[in-house]
Amino acid sequence: MTKKNFEGADQESLDLLKKMEERGIESSYDRYDAQQPQCGYGKIGLCCRHCQMGPCNVDPFGRGPKRGVCGADANTIAARHFVRYVAAGTAAHSDHGRSVAELLIATARGEAKGYRITDVNKLHEVAKVFDVSTEGRKTNEIAEEVGEMALAEFGKAYGTQKFANKAPEARIKLWEKLNITPRAIDREVTESMHRTGMGTDQDYKNLIMQACRTSMADGWGGAMIATELQDILFGTPKPTRGTANLNVIKEDEVNILVHGHEPQMSEMVAVAASDPELIKEAEAVGAKGISIAGICCTANEMLLRHGIPLAGHMKMQEMAIATGAVEVIAVDIQCVMQGDEEVARAFHTKLITTSPKAKIDGTEHIEINDENAYEKGKEVVRIAIQNFPKRDKTKVFIPKGKKSDVVVGFTHETIKYMLGGKFRASYRPLNDNIMNGRIRGVVGVVGCTSSILWPDQLPYMELVNDLIANDILVVQTGCAAAECAREGMMVPEHMEVAGPGLREVCEAVGMPPVLHAGSCVDNSRILIACSEMVKEGGLGNDISELPVAGVCLDWMHEKALAIGQYFVTSGVYTLFGTKSMVAGAPDVDKFLSEGLEELVGGKWSFTPDLKEMGTLIKDHIEKKRDALGINEKKERKLYDMEDRRALAVD
Ligand code: NFS
Ligand code: SF4
């Protein structure tokens, strides 16, 4: 570790990093250092290794080669790189969505022991999207057909994504005009891979438009399927209390960490952990109980639905194991560092992989599928119990620092209920508060944390506090949400930091000014919320007219880029806190940050400068408010159509 300042904002993480260093355990921060200097061509999108005549680099300064062996120029190479990122991200979220669809079918058929249909209302709503009739039919029958229809979205030969119909009318028309309404999910991913290979699509604008369509097969396709079907199976989150930080790991209990993304595995491990028989077994080995805590998006899923504590986000996974108090860390898919295996080996901790899609060399694999999940969940818990006596107490280090309370679970449904009231659930009050200026706008602060930024750098916290202080309501998902949860920003009391307008709204409703809406697939909830705001009226006819923005500061996974791209394509100004990944190709860069806006109404900005980002967001929101005509002082006359016409004549 080159940076050895172990004092700072996230002191608990820093304390554990220090412990790891003392014990000679390598962390992702060490490995990041060891990778320096990283390839400069790759960082700015100018490295192509799509065929065996390469790898080819293009010199951004014009001193070296201007083209790859095949003749591909900087624009083509950078745009292809961008499309492949988006396709990979789309594949990840969507393959997750596919598993949920399969689980829904298995559950409906009674083949998935332990699972059940929890939210029948949601099932009926989704049935409408898929034209599945509900009249006089049994819940399981409807669920099976909904599952089948969702599964068909991945490979259907004709037609476009059904969920895309949830967008505002004007948006749907625009997508149709541009021919970017997503078709079958697998088709968009496949076509992206095809077009980015050697010698196919070599027009950067054409490539980026395919990135638009592919990303929407994620946001309005695979990710939305994951979210909506998970709600049907496990319940739509409601405001829930919980705790967050590394020290949710307990000194005197059997600790099991669940890590990854799909709730299938973690839900069953949680069910097993509350089995009285297993709790007895835990007590028999001297533990006070069985404690479950989550890492990454699995943590968000478990926290929002069950109030199960969140131990940490992506970059905290190694630190959580390094507490030495973890009996088992059970993982499924995505964002699981291979480095976890080495950390686990330094302790008694057992790392168990559970998905046939994601094994790690040197770790135990217990395959959990729809049919055996309940039994296997128990097996995982039992392994943890048996491992408890092997815990070396001298190695245990759970940092004392803060454990933050949180109130989470703000889906678009909850926002509707909270603001509109139980009996008149509606977006009207939110729209009204935006129109009267108490709330200036809404910003989604989402996405990853990475081992590039040290735990003493907390840009999410800084930016989010700045936004709420300016009366901008913040909605969060993913690891960005986990970071602010850990910092204690997701309690109603945090409204102290908010500006007077936002505070008034929070006070009236009793909600935090920073709303946790779920995991990364749950960004689809934000798309629906935006659509509903438009449909409610008063804020224009399209998502691109709303005073909203999307932000990710510390992105690392391909999934984050797919999310960013579908927000842009849905009409949202989207800002990432890094340098542009296509900076080496100024034309592509300009197309993303300017050209796209003329086409889809949304655009990209890349900037590592937090101040600049804050200004860009606030200016954008005020610009949109101006365009909507909701920034006039109240005493000023509001112009109606008649007046406008009169003005135009003048
Ligand atoms: Ni999202 Fe979730 Fe976190 Fe980034 Fe990884 S856990 S799906 S990719 S790092 S936010
Ligand atoms: Fe080089 Fe072209 Fe092959 Fe890419 S596709 S590696 S630019 S020759």
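Along the sequence shown, residues are numbered consecutively beginning with 1. In what follows, every heavy atom counts, from backbone to side chain, and hydrogens, waters and symmetry copies are set aside. Note that ligands are numbered from 1 as they come in the structure, with each ligand's atoms numbered from 1 the same way.
Remark: the His259 side chain and the Thr298 side chain contain no N/O donor-acceptor pair separated by less than 3.5 Å. When only modelled atom types and interatomic distance are considered, Ser99 and Gln264 share no side-chain donor-acceptor pair under 3.5 Å.
Of all the atoms in ligand 2, the ones that sit under 4.0 Å from a non-hydrogen atom of Cys56 are 1 (Fe), 6 (S), 7 (S), 8 (S). Ligand 1 places these atoms under 4.0 Å from at least one heavy atom of Gly447: 10 (S). Each of the atoms 4 (Fe), 5 (S), 6 (S), 7 (S) of ligand 2 lies under 4.0 Å from some heavy atom of Cys48. Atoms of ligand 1 lying under 4.0 Å from at least one heavy atom of Cys296, given by number and element, are 6 (S). Against a heavy-atom cut-off of under 4.0 Å, Cys70 is close to the following atoms of ligand 2: 2 (Fe), 5 (S), 7 (S), 8 (S). Under a 4.0 Å criterion applied to the non-hydrogen atoms of Cys297, ligand 1 contributes the atoms 2 (Fe), 6 (S), 7 (S). Residue Gly54 has at least one heavy-atom neighbour below 4.0 Å for each of these atoms of ligand 2: 6 (S). Taking every non-hydrogen atom of Met314 and a distance limit under 4.0 Å, the qualifying atoms of ligand 1 come out as 9 (S). Shown in contact with Cys520 at under 4.0 Å from a heavy atom are these atoms of ligand 1, numbered in order with element: 1 (Ni), 2 (Fe), 7 (S), 10 (S).
By the 30° and 60° cut-offs, the orientation of the rings of Phe576 relative to Trp555 is tilted. Relative ring orientation between Phe606 and Trp604 is described as parallel, the plane-to-plane angle staying below 30° on a 0-90° scale split at 30° and 60°.
Looking at Ser570 and Met216, their side chains come closer than 4.5 Å, going by heavy atoms from C-beta outward.
In this structure, CD1 on Ile321 lies 11.0 Å from CG on Leu16, to the nearest 0.5 angstrom.
Residue contact annotation: Cys51 places no N/O/S atom under 2.8 Å from atom 1 (Fe) of ligand 2. Residue side and main chain included, His261 places no N/O/S atom under 2.8 Å of atom 1 (Ni) of ligand 1. Atom 5 (Fe) of ligand 1 has Cys335 among its coordinating residues (N/O/S atom, backbone or side chain, under 2.8 Å).
Given atom 4 (Fe) of ligand 1, the protein heavy atom at minimum distance is Cys448 SG, 2.5 Å. Annotation: atom 3 (Fe) of ligand 1 to nearest protein heavy atom, Cys479 SG, 2.3 Å.
Of the residues His313, Lys315, Glu483, the one that meets the side chain to side chain donor-acceptor pair (under 3.5 Å) test with Thr449 is His313.
Between Tyr29 and Trp454, a ring centre-to-centre spacing shorter than 6.0 Å is recorded.
Taking 4.0 Å as the cut-off between side-chain N and carboxylate O, Asp10 and Arg486 count as a salt-bridged pair.
In this structure, Arg98 is positioned above the aromatic face of Phe154, its NZ or CZ under 6.0 Å from the six-membered ring centre and within 45° of the axis.
Taking only non-hydrogen atoms, the option from His313, Lys559, Met556 nearest to atom 8 (S) of ligand 1 is Lys559.
Look at Arg80 and you'll find a heavy atom under 4.0 Å from some atom of ligand 2.
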